[in-house]
Amino acid sequence: MDYHIAQPSPDKLQVLPHNQYHSSDVLTPSTTNPSPIVQFKEWFTEVVNAKVVPEPESMCVSTCTPSGIPSSRFVLFKEVDTRGFIFYTNYSSRKSQELLANPYAALAFYWREVHRSVRVVGKVEKVSREKSEEYFKGRPIGSQLGAWASRQSSVVEEGEVQSRLEEIKDRFGVKDQEGTTTDHGIIPTPEFWGGWRIVPL
Ligand SMILES: Cc1cc2nc3c(=O)[nH]c(=O)nc-3n(C[C@H](O)[C@H](O)[C@H](O)COP(=O)(O)O)c2cc1C
């Protein structure tokens with residue numbers, strides 16, 4: 001599809017022509033599993049195995065303030081079990097603050113290459129500390145350091161994150177993060193970091 005951007009006036013930008021959305025199959029009750037979670041697992045497995053969607057685990061998470069003002073951002077889907085869908089984040093971030101005050105979220109996946117999108121709407125709960133720690137231990141050391149150094153959702157000064165990263169490396173005695181992937185066991189899970197589970201309504 002060739003995109004054409006029109007600017008009919010200096011204050012307006014339009015995308016032309018209309019991109020026709022094609023779907024290869026039709027969803028009916030007889031072609032879908034009665035359990036949405038089982039259906040999701042089938043679709044996600046298909047998408048991963050097809051190897052055509054660059055980052056199938058990217059999902060948009062929408063949260064709302066108590067007065068109903070929404071905000072959305074992308075995070076990485078990490079696990080689904082019989083109870084719900086899990087992602088990990090900073091508990092001081094805007095999304096976490098909104099979830100603490102108003103514990104409902106919507107997720108949206110879009111897998112363009114296979115003409116499929118999925119929405120999940122649910123109530124959220126924090127995953128257990130043990131589970132968050134288990135996941136954190138398996139992250140590459142660079143991501144572990146990043147979780148400590150990044151104050152999500154806040155404006156930072158030039159060079160601030162880099163200098164915080166150096167402080168954190170000193171604090172935990174990390175000399176060289178190159179080549180280290182998992183099970184280094186040096187860096188503890190931050191208290192302000194962990195998972196959220198979205199339990200479908
Ligand atoms: C593809 C992609 C994946 C991301 N995955 C995560 C994630 O798993 N957890 C996370 O906290 N932020 C992730 N981010 C960053 C978030 O989009 C967001 O910028 C950050 O969490 C702060 O969001 P907030 O201020 O709305 O809380 C990801 C960003 C992108 C583009």
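First listed ligand is number 1; within each ligand, the first listed atom is number 1.
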Original post:
Can you tell me which residue and heavy atom of the protein come closest to atom 6 (C) of ligand 1, and the distance to 0.1 Å?
Top reply: Val75 CA, 3.4 Å
Original post:
For atom 26 (O) of ligand 1, which protein heavy atom lies nearest, and how many Å away is it?
Top reply: Arg73 NE, 2.6 Å
Original post:
With distance as the sole criterion, is a donor-acceptor pair present between the side chains of Trp196 and Thr89 under 3.5 Å?
Top reply: no
Subject >> Which residue and heavy atom of the protein sit nearest atom 16 (C) of ligand 1, plus the separation >> reply: Phe74 O, 3.2 Å
Subject >> For Ser58, atoms of ligand 1 separated by under 4.0 Å from a heavy atom >> reply: 1 (C)
Subject >> Full working for salt bridge (Lys or Arg N to Asp or Glu O under 4.0 Å) between Glu98 and Arg94 >> reply: CA-CA 6 Å; Glu98 292 186 0; Arg94 172 173 175 167; 3.1 Å; yes
**OP:** With the side chain counted from C-beta on, respond yes when Phe109 and Pro56 share a heavy-atom pair under 4.5 Å apart, and no when they do not.
**Re:** no
Subject >> Any N/O pair Asn90/ligand 1 closer than 3.5 Å >> reply: no
**OP:** Taking the six-membered ring for Trp and the single ring otherwise, decide whether the centroids of Phe172 and Trp148 are under 6.0 Å apart.
**Re:** yes
Original post:
atom 11 (O) of ligand 1: which protein heavy atom is closest, and how many Å away?
Top reply: Thr89 OG1, 2.6 Å
Original post:
Do any non-hydrogen protein atoms sit less than 4.0 Å from atom 19 (O) of ligand 1?
Top reply: no
Original post:
What residue pairs, at least two apart or across chains, pass salt bridge (charged side-chain N to carboxylate O under 4.0 Å, His left out) with a residue in residues 26-46?
Top reply: Glu46-Arg116
Original post:
For atom 21 (O) of ligand 1, which of Glu98, Arg94, Gln97, Lys95 has the closest heavy atom?
Top reply: Lys95
Original post:
Between Phe40 and Phe77, does the ring centroid distance fall short of 6.0 Å?
Top reply: yes
Subject >> For atom 25 (O) of ligand 1, the protein heavy atom that lies nearest, with its residue and separation >> reply: Ser153 OG, 2.5 Å
**OP:** Looking only at protein heavy atoms, identify the closest one to atom 12 (N) of ligand 1 and say how far it is in Å.
**Re:** Gln152 NE2, 3.6 Å
Original post:
Nearest protein heavy-atom contact for atom 9 (N) of ligand 1: which residue, which atom, what distance?
Top reply: Tyr88 O, 2.9 Å
Subject >> Pairwise side-chain contact, Pro70 with Thr63, heavy-atom cut-off 4.5 Å (strictly under) >> reply: no
Original post:
Among the clusters formed by ILVMFWY side chains lying less than 4.5 Å apart, do Leu99 and Leu201 turn up in the same one?
Top reply: no
Subject >> Value rounded to 0.5 Å, distance of OG in Ser117 from CH2 in Trp111 >> reply: 9.0 Å
Original post:
In terms of atom number and element, which parts of ligand 1 are under 4.0 angstrom from non-hydrogen atoms of Ser93?
Top reply: 27 (O)
Original post:
Within the structure, does Leu76 bring an N/O atom to less than 3.5 angstrom of an N/O atom in ligand 1?
Top reply: yes
Original post:
Considering residues at least two apart in sequence or located in another chain, which fulfil the side-chain hydrogen bond (donor to acceptor under 3.5 Å, both in side chains) criterion with Ser150?
Top reply: none
Subject >> Heavy atom of Ser71, distance to ligand 1 below 4.0 Å >> reply: no
Subject >> Heavy atom of Glu55, distance to ligand 1 below 4.0 Å >> reply: yes
